[in-house]
Every structure is written in C-alpha cells, then in structure tokens.
Amino acid sequence: MVGEHGNIKKQLESFPDVWRALLKDALGEWCIHSMVRRRNLAGKSGASLWVVDVQGQSYDGSAILKVSGDEVSAQEIKNHEQALALNPIKNRIPELLFRFA
C-alpha cells in the first residue's frame with residue numbers, strides 16, 4: 001500500500017510529478033475523494049499504469065488507472081471501444097469508468 005484513504009493531496013504525492021496536476025483535475029471532475037496507489041503495472045502502449053483503490057461519488061472499489069499523452073489516450077479509447085463492439089469478447093473486457101482529456 002502506497003497511501004491511505006482520506007487525504008487526496010498526500011495520495012497524489014505517490015504518483016510521478018509529471019501526472020499530479022492532471023490527476024488532481026481528473027479526480028475533481030470524477031468526484032473521487034480518495035485514491036490509493038496499490039502497485040505499478042506495465043503495458044504495451046507506453047502509458048503509465050497502476051492498480052488503485054478508489055472511493056468516490058459513483059464508484060468505490062479497485063480499478064486500473066492508465067495515464068498517457070493525448071494521442072496515445074485517444075487511440076487507446078478507440079481501441080477499447082472497438083474491442084467492446086466484438087460480441088465474442090465483450091464480457092471479458094472491463095468498461096471504462098471515467099475519461100479525462
């Protein structure tokens with residue numbers, strides 16, 4: 001566990017400097033009041049990827065947080081939507097809870 005629930009400013013300190021301002025804005029827009037980073041993940045796109053515990057107005061639980069630049073994010077979302085459109089694998093892909101640009 002990298003942080004503890006309840007102090008979002010302190011929790012954001014566990015994330016790389018380059019993403020803190022973006023995460024602060026995104027969490028405000030998503031009405032998230034607590035996000036604890038559990039562990040780092042590695043992906044293929046070059047995006048920063050973490051397992052997090054989230055508490056907010058519309059979601060309370062574990063999630064995957066993926067942060068990347070504009071071009072990568074747009075392509076990632078498009079790829080995700082295309083994968084969801086494929087009926088045979090639709091139930092194996094988690095939904096996107098939040099987006100922020």
Side-chain angles (χ1 to χ4, degrees):
M1 179 167 92
V2 178
E4 59 185 58
H5 284 293
N7 184 343
I8 198 71
K9 184 177 179 183
K10 191 151 187 84
Q11 292 163 353
L12 287 175
E13 291 174 5
S14 72
F15 291 90
D17 290 343
V18 67
W19 298 121
R20 286 184 196 157
L22 175 88
L23 288 172
K24 183 179 181 224
D25 292 344
L27 295 177
E29 183 174 302
W30 301 334
C31 299
I32 300 295
H33 55 265
S34 179
M35 182 173 68
V36 177
R37 190 179 86 188
R38 294 294 175 192
R39 66 184 173 104
N40 298 339
L41 298 174
K44 296 180 181 180
S45 70
S48 296
L49 198 60
W50 302 280
V51 175
V52 294
D53 285 341
V54 176
Q55 291 178 342
Q57 191 171 349
S58 64
Y59 185 77
D60 185 356
S62 295
I64 303 295
L65 176 64
K66 189 173 206 174
V67 183
S68 61
D70 292 340
E71 289 181 25
V72 173
S73 291
Q75 187 61 46
E76 294 269 341
I77 291 169
K78 183 178 177 184
N79 292 347
H80 193 91
E81 289 170 346
Q82 288 174 341
L84 285 173
L86 301 172
N87 286 329
I89 63 171
K90 186 176 185 175
N91 294 331
R92 296 181 180 180
I93 299 173
E95 66 178 298
L96 293 176
L97 296 174
F98 306 104
R99 299 176 194 177
F100 185 80

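- Looking only at side-chain heavy atoms (C-beta outward), L49 and N40 stay at 4.5 Å or farther from each other.
- What you find for R37 and P16 is that their closest heavy atoms are NH1-CD, 4.5 Å.
- The two residues M35 and I8 come nearest to each other via the heavy atoms N-CD1, 3.7 Å.
- In this structure, L27 is a member of the same hydrophobic cluster as V18, with clusters built from ILVMFWY side-chain heavy atoms closer than 4.5 Å.
- Residue pairs meeting the salt bridge (charged side-chain N to carboxylate O under 4.0 Å, His left out) criterion with at least one partner in residues 11-26, sequence neighbours excluded, are D17-R20.
- Here the OG atom belonging to S58 is positioned 6.0 Å from the CD1 atom belonging to I32, to the nearest 0.5 angstrom.
- A distance of 8.0 Å separates NE2 of H80 from CZ of R99, quoted to the nearest 0.5 Å.
- Between L23 and L65 the shortest side-chain heavy-atom distance falls below 4.5 Å.
- The environment of Q57 atom CD is sparse: at most 12 non-hydrogen atoms of other residues, nucleotides or ligands sit within 6.0 angstrom.
- I64 and L22 end up in different hydrophobic clusters when Ile, Leu, Val, Met, Phe, Trp and Tyr side chains are linked at under 4.5 Å.
- A single hydrophobic cluster is seen to contain both V52 and Y59, as judged by linkage of ILVMFWY side chains at heavy-atom distances under 4.5 Å, directly or through other members.
- No continuous path of hydrophobic side-chain contacts links W19 to L41 [ILVMFWY only; heavy atoms under 4.5 Å].
- Using a 30° and 60° split on the angle between ring planes, W30 and F98 fall in the parallel class, below 30°.
- V67 places none of its side-chain heavy atoms less than 4.5 Å from the side chain of F15.
- W50 places no side-chain N or O within 3.5 Å of a backbone atom of V36 that could act as its donor or acceptor partner.
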